[in-house]
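In what follows, a single structure is set out as structure tokens and then discussed.
Just follow the structure's listing: the first ligand is 1, and inside any ligand the first atom is 1. Only heavy atoms go into these numbers, but all of them, side chains included; no hydrogens, no water, no symmetry mates.
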Amino acid sequence: MRVVVSGGSGFLGSHLCEALVRRGDSVHCLDDFSSGRAANIAHLLHEPSFRCTPCDVTEPSRLPGRVDAVVHLASPASPSDYHRHPLPTLAAGSRGTENMLKLAAHHSARFVLASTSAVYGDATGHPQDEEHWGHVNPIGPRSVHDETKRFAETLTTAYRRDERVDTGIVRIFNTYGPRMRPYDGRVVPSFVRQALTGEPLTVFGDGSQTRSFCYVDDLIAGLPAMIDSPAPGPFNLGDPSERTVRELAELVLLLTGSTSEMRFLPLPGDDPVRRCPVVSRAREALGWQPRVPLEEGLRRTIAWFAAQSPHPVREPEPSARS
Ligand code: UDP
């Protein structure tokens, strides 16, 4: 297959490009490198079946030759990134999604939308299955991400109905692993970096809010399965073992052997209280299920972060959308 991956140099995108190249697909990565990093795909550039075009997905894209599938991942995914860049986040989810849908329509290609657990917002039911409609504050601090992904799902569904594009939607829950940026702001890279450098672990609120953390290799295995499937979804992709943020902090301290303290900071606005996916639909439709326990995934992630640099350098702020 020839697969276009928007956001292919990002955390998830680069792992997906690698998995697709490994299974024999030809991969065309599109990225504007705002939150993606060239280093994430440097090892793929010598592969004849991989190419990368710097590209802003909010501009219309035309690609020569055949395209069999388009996977749309391009979007800031970390709360601190989308707080800093609200308009580019909205553009990537709205105009960017439509441009990628048009690209898929032009080539009669399968389109896979990387949606998110954020569509459930601060969910009123628990755990979250795909029947939940979500509970999102449309003007709140997380809304640019949550609402644009909800709109992207609606747009994808309209293109399926009215333009007969073969579409699939996956809702990705919290995922972690190698290639997360140390200053990305999400909880796993923050805690791991802080533990490795002896800084206090910044626990927001009292740390009793929950998330379910999926190791990146597990998550990525669901995406080629969704490309190959004719199913529309939406399917939750995530690890259903729920942990409090405080438990995560304790585990990172244990696994790193760090003597860092925990520093409790105010909880950001609209931070979801509990989040845990029901993944039975993905298991039945895609034969997919996560396998790497949190302790093992964290060990691999810590080893990767430790190998990068003993004193990670703060990155310049991302300047535009990805
Ligand atoms: N969080 C935290 N300390 C941090 C970063 C995040 O306690 O340094 C908390 C955050 O408030 C949330 C959870 O960890 O409850 C997951 O945050 P993340 O930004 O990773 O993802 P999301 O909120 O989008 O699930």
- Query: Which class fits the ring pair Phe111 and His72: parallel under 30°, tilted 30 to 60°, perpendicular over 60°?
  - Reply: tilted

- For the residue pair Tyr82 and His145, categorise the inter-ring angle as parallel (less than 30°), tilted (30 to 60°) or perpendicular (more than 60°). parallel

- Query: With a 4.0 Å cut-off on heavy atoms, does Arg142 reach ligand 1?
  - Reply: yes

- Message: If the contact criterion is a heavy-atom separation under 4.0 Å, does Ser80 count as touching ligand 1?
- Response: no

- Message: Please list, in number order, the atoms of ligand 1 under 4.0 Å from a heavy atom of Pro79.
- Response: 19 (O), 24 (O)

- Query: So is Arg181 actually on top of Phe11's ring, under 6.0 Å and inside 45° of the axis?
  - Reply: no

- Identify the protein heavy atom lying closest to atom 16 (C) of ligand 1, giving its residue, its atom name and the separation to 0.1 Å. Arg211 NE, 3.7 Å

- Item | Contact check, Arg275 vs ligand 1, heavy-atom distance below 4.0 Å | yes

- Looking only at non-hydrogen atoms, find the nearest pair between Leu196 and Ala306 and report the distance. CD1-N, 3.7 Å

- Message: Using a 4.0 Å heavy-atom cut-off, which part of Gln209 comes near ligand 1: side chain, backbone, both, or neither?
- Response: side chain

- Message: Taking 4.0 angstrom as the limit and counting only heavy atoms of Gly185, give me the atoms of ligand 1 inside it, by number and element.
- Response: 5 (C)

- Only heavy atoms count here, so choose which of Thr175, Asp271, Thr210, Thr202 is nearest to atom 11 (O) of ligand 1. Asp271

- Message: Any non-hydrogen side-chain atom of Ile41 less than 4.5 Å from a side-chain atom of Phe50?
- Response: yes

- What are the atoms of ligand 1, with element, lying closer than 4.0 Å to any heavy atom of Ser190? 8 (O)

- Query: Within a radius of less than 6.0 Å around NE2 of His135, do more than 12 heavy atoms belonging to other residues, nucleotides or ligands occur?
  - Reply: no

- Under the 6.0 Å and 45° cation-pi test, does Arg243 pair with Phe213? no

- Looking only at heavy atoms, is any part of Val245 under 4.0 Å from ligand 1, and if so is it the side chain, the backbone, or both, or is it neither? side chain

- Task: Give the numbers and elements of all ligand 1 atoms closer than 4.0 Å to a heavy atom of Val203.
- Result: 7 (O)

- With a cut-off of 6.0 Å (strictly less than), are more than 12 heavy atoms of other residues, nucleotides or ligands near CZ of Arg164? no

- Contact region, Asn174 to ligand 1, non-hydrogen atoms below 4.0 Å, reads side chain

- Query: Hey, is CD on Glu261 packed in by over 12 heavy atoms from elsewhere, all under 6.0 Å?
  - Reply: no

- Message: Below the 3.5 angstrom mark, is there an N/O of Val187, backbone or side chain, next to an N/O of ligand 1?
- Response: yes

- Message: Geometry only, no angles: is Phe204 polar-contacting ligand 1 at N/O separations under 3.5 Å?
- Response: yes

